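Not measured: the values here are computed from a predicted model.
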Amino acid sequence: MSDFRPFEITDRPLDPAPLVAYVQTPGDGAVVTFAGVARNHFGGRPTAFLSYEAYAEMAGPVLAQIAEEARARWPIGRVAVHHRVGRLAIGETAVLVVVAAPHRHEAFAAAAYVMDRIKEIAPIWKQEHWADGEAEWRE
Amino acid sequence: MSDFRPFEITDRPLDPAPLVAYVQTPGDGAVVTFAGVARNHFGGRPTAFLSYEAYAEMAGPVLAQIAEEARARWPIGRVAVHHRVGRLAIGETAVLVVVAAPHRHEAFAAAAYVMDRIKEIAPIWKQEHWADGEAEWRE
Amino acid sequence: MISVRVRYFAGHRDIVGQAEQQMALEPGATVGDLWGLLVERHPRLAGYSGRLLFAVNQEFASPATTLHDGDEVAFIPPVSGGV
Amino acid sequence: MISVRVRYFAGHRDIVGQAEQQMALEPGATVGDLWGLLVERHPRLAGYSGRLLFAVNQEFASPATTLHDGDEVAFIPPVSGGV
């Protein structure tokens, strides 16, 4: 865990275990983990794979800023967010949001909020590669 | 995974990985994992450890029934719930609720619902062992 | 007479002093009748009246449920799973 | 004249044909001025006007933000992180 960073953009497969270990402190009764995974269709059209690109130097700090927003709104503990970039096969995890809190309702609310904000402002882009060979950026 | 059961009462430490692997199917874009962990205080009073007891023959089927309630309310995929019994040290996981769904809002809502219902009807009891040596059932 | 197996958990077990027992009842006795009998024997159970759940053969039941020979009855004090 | 580094991502990069470029601007030029210049050069960028975010030196900025020599400017098309 020596190189663990709570907010990270990476081209390596994501593993929730180190994020959960990082966020959980003895005062926490709840840890909520959200995994966003590549699914095999969008709006009924079959997807072959996804690729993600990020403005990495900015995206990491934006993820940390979103976590601070959540901490200002709810009595929660630590937050960690890892987002993957590059090519993802169906079923691979694109993003992990992990929130610890003394109580579960705040952990759920904060995790959902962090994910909503990522989709609003984090400089990360998804390209859908359809099964028929076409590709397009989701905008 | 040959002996994996999606709804289980166990006295062994809980690991989310097999639950996540079980719930996730290619049509899912979201997997929400809730971990309820033993925390070091309750209402400001220090806790030494917790112990859980279950009506195990009934609790497993009740967990499955709660999952069916959630599936009737939201368009979600698979659900898995493991609840631990016996003595738990601070920081150990008492319950894991994992929900997969095509979209994240439903996965969050269903996971929160399942946890609420567990606290309402699952025949499982927690005994708080205070740091001062007293013990009491949470009722 | 019918015979039923009664299960006790958590605070109930602490009061009753055992985890389960076999009990003989009049035919037609209900879950509520049995609870009343237990409260007579163990007055400290009265504090749970109105805030417990009932199960017969591991399925939720009501005080009006009629018991049959061989049934397993559980009185479920307020649950507190999760954390 | 000042010199700024411009970063392009996703759909923008596809239109502009490069991931970044160095551009010379009049002193006092704003982020909005630079975007206007780019839309002139690459008319297909016009479809993004009004629905993009701006960053200067990796922090969110507005079209009114004044640019300085050495700044890194990013035009951020609609983001789609997560899934």
Side-chain angles (χ1 to χ4, degrees), chain A residues 14-17 19-21 23-44 46-50 77 88-116 118-119 126 128 131 138, chain B residues 14-17 19-21 23-44 46-50 77 88-116 118-119 126 128 131 138:
Chain A
L14 301 183
D15 174 12
L19 284 75
V20 171
V23 299
Q24 198 186 319
T25 65
D28 295 315
V31 178
V32 170
T33 300
F34 172 80
V37 297
R39 68 172 189 278
N40 64 2
H41 68 93
F42 186 91
T47 300
F49 66 94
L50 302 178
L88 271 75
I90 303 304
E92 287 197 287
T93 298
V95 61
L96 287 170
V97 174
V98 188
V99 176
H103 302 286
R104 72 186 186 283
H105 293 117
E106 290 79 4
F108 276 119
Y113 173 85
V114 166
M115 200 53 231
D116 286 347
I118 287 171
K119 296 186 83 73
K126 172 168 66 169
E128 195 105 19
R138 292 254 141 249
Chain B
L14 302 183
D15 174 10
L19 285 75
V20 171
V23 300
Q24 198 186 319
T25 65
D28 295 315
V31 179
V32 169
T33 301
F34 173 79
V37 296
R39 68 173 188 279
N40 63 3
H41 69 92
F42 186 91
T47 301
F49 65 95
L50 301 179
L88 271 74
I90 303 303
E92 287 197 286
T93 298
V95 60
L96 287 170
V97 174
V98 188
V99 176
H103 301 287
R104 72 186 187 282
H105 293 118
E106 290 79 4
F108 275 120
Y113 173 86
V114 167
M115 200 53 233
D116 287 347
I118 288 172
K119 296 186 84 71
K126 172 168 67 169
E128 194 105 21
R138 292 253 140 250

Quick one: does any side-chain atom of B:Asp15 pair with a main-chain N or O of B:Ala17 as donor and acceptor, under 3.5 Å?
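Indeed, once roles are kept as given, a pair shorter than 3.5 Å links the two residues.
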Output yes when a side-chain donor or acceptor of A:Glu92 lies under 3.5 Å from a complementary backbone atom of A:Ala89, and no otherwise.
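Side chain of A:Glu92 to backbone of A:Ala89: a pair is present.
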Given that the side chain runs from C-beta out, which part of A:Asp116 has a heavy atom under 4.5 Å from chain B: side chain, backbone, both or neither?
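Backbone plus side chain of A:Asp116, per the 4.5 Å heavy-atom cut-off to chain B.
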Tell me which of these, A:Gly36, A:Ala112, A:Gly91, has more heavy-atom pairs under 4.5 Å with chain B than the rest.
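Most pairs with chain B among the choices: A:Ala112.
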Shorter than 4.5 Å, heavy atoms on both sides: which option in B:Val37, B:Val20, B:Val95, B:Ile90 has the most such pairs with chain A?
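Going by pairs under 4.5 Å, I would pick B:Val37.
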Under 4.5 Å from a heavy atom of chain B, the part of A:Ala111 involved:
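A:Ala111 touches chain B through backbone and side-chain heavy atoms alike.
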So A:Val31 and B:Phe34, side-chain contact (heavy atoms from CB on, under 4.5 Å) or not? Walk me through it.
CA-CA 6 Å; A:Val31 178; B:Phe34 173 79; over 6 Å; no
Please identify, among A:Gln24, A:Arg39, A:His105, the residue contributing the most non-hydrogen atom pairs under 4.5 Å to chain B.
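Of the candidates given, the most pairs with chain B belong to A:Arg39.
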Report the distance from atom CG of A:Leu96 to atom CG of A:Leu19, rounding to the nearest 0.5 Å.
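That separation rounds to 6.0 Å.
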Pairwise distance NZ(B:Lys126) to CZ(B:Arg138) - rounded to 0.5 angstrom
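Separation between the atoms: 6.0 Å.
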So what's closer than 4.5 Å to chain B heavy atoms on A:Ala38: side chain, backbone, both or neither?
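Looking at A:Ala38, just its backbone touches chain B.
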What residue, out of B:Thr93, B:Thr25, B:Val32, B:Asp28, has the most heavy-atom pairs lying under 4.5 Å from chain A?
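Highest number of heavy-atom pairs under 4.5 Å: B:Asp28.
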Assign the ring pair B:Phe108 / A:Phe108 to parallel, tilted or perpendicular, where the plane angle (0 to 90°) is split at 30° and 60°.
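Rings of B:Phe108 and A:Phe108: perpendicular, over 60°.
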